[in-house]
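Reading through the structure tokens given below for one structure.
Quick note: numbers below take in every heavy atom, side chains included, and nothing from hydrogens, waters or symmetry partners. Throughout, residue positions are numbered sequentially from 1 according to the sequence presented.
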Amino acid sequence: VMSYLGCHKPVVSTIDCEIPELANEAIHEVSNHHDFIQRVRDCLNGGLFFDTKKVDAYLSQVAYENIISRVLINLGIKPKS
């Protein structure tokens, strides 16, 4: 999922990707094979919504360097620049 998002590609999935902030913004969940095939067709035809700004903000938020910095700050340690 993260690789697709990093390439600015929409995700169509039958499983919960556990990224609710990107639901229907970049990750499109479906519950059956018929809907899956239809969403993939929509994707191929450019018909699936993809919010680049929200995806980039999310990816920045979960980047390891940012997570580590937040942990260090919470521990009272100044992260190296």
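Follow the hydrophobic side-chain contacts under 4.5 Å out from I68 and you reach I77 in the same cluster. One hydrophobic cluster holds both V11 and V62 under the rule that ILVMFWY side chains link at heavy-atom gaps under 4.5 Å. Hydrophobic cluster membership is shared by F50 and I19, with clusters built from Ile, Leu, Val, Met, Phe, Trp and Tyr side chains linked at under 4.5 angstrom.
Here the closest heavy-atom approach between residue D56 and residue H8 is recorded as OD1-NE2, 2.7 Å. Considering every non-hydrogen atom in both E29 and D16, the closest pair reads OE2-OD1, 3.3 Å. Of all heavy-atom pairs between N32 and D35, the closest is OD1-N, 2.7 Å. Nearest heavy atoms, H28 versus P10: CD2-CB, 4.3 Å.
Atom-to-atom distance recorded for F36:CZ and S13:OG is 7.5 Å, nearest 0.5 angstrom. For the atom pair OG1 of T52 and CG of L5, the computed distance is 10.5 Å after rounding to the nearest 0.5 Å. Between M2 atom CE and L59 atom CG the span is 5.0 Å, to the nearest 0.5 Å. Between the CG atom of L48 and the CZ atom of R41 there is a distance of 13.0 Å, given to the nearest 0.5 Å.
At distances below 3.5 Å, not a single donor-acceptor pair connects side-chain atoms of N45 with backbone N or O atoms of G47. Side chain of S69 to main chain of E65: a donor-acceptor pair is present (N/O by atom type, distance under 3.5 Å, no hydrogens or angles).
Here the side chains of N66 and Q61 are not in contact, with every heavy-atom distance at 4.5 Å or above. In this structure, E25 and V55 have side chains that are not in contact, with every pair of non-hydrogen atoms separated by 4.5 Å or more.
The number of heavy atoms from other shown groups lying within 6.0 Å of CZ (F49) is above 12. Other residues, nucleotides and ligands place more than 12 heavy atoms under 6.0 Å from the CZ atom of R70.
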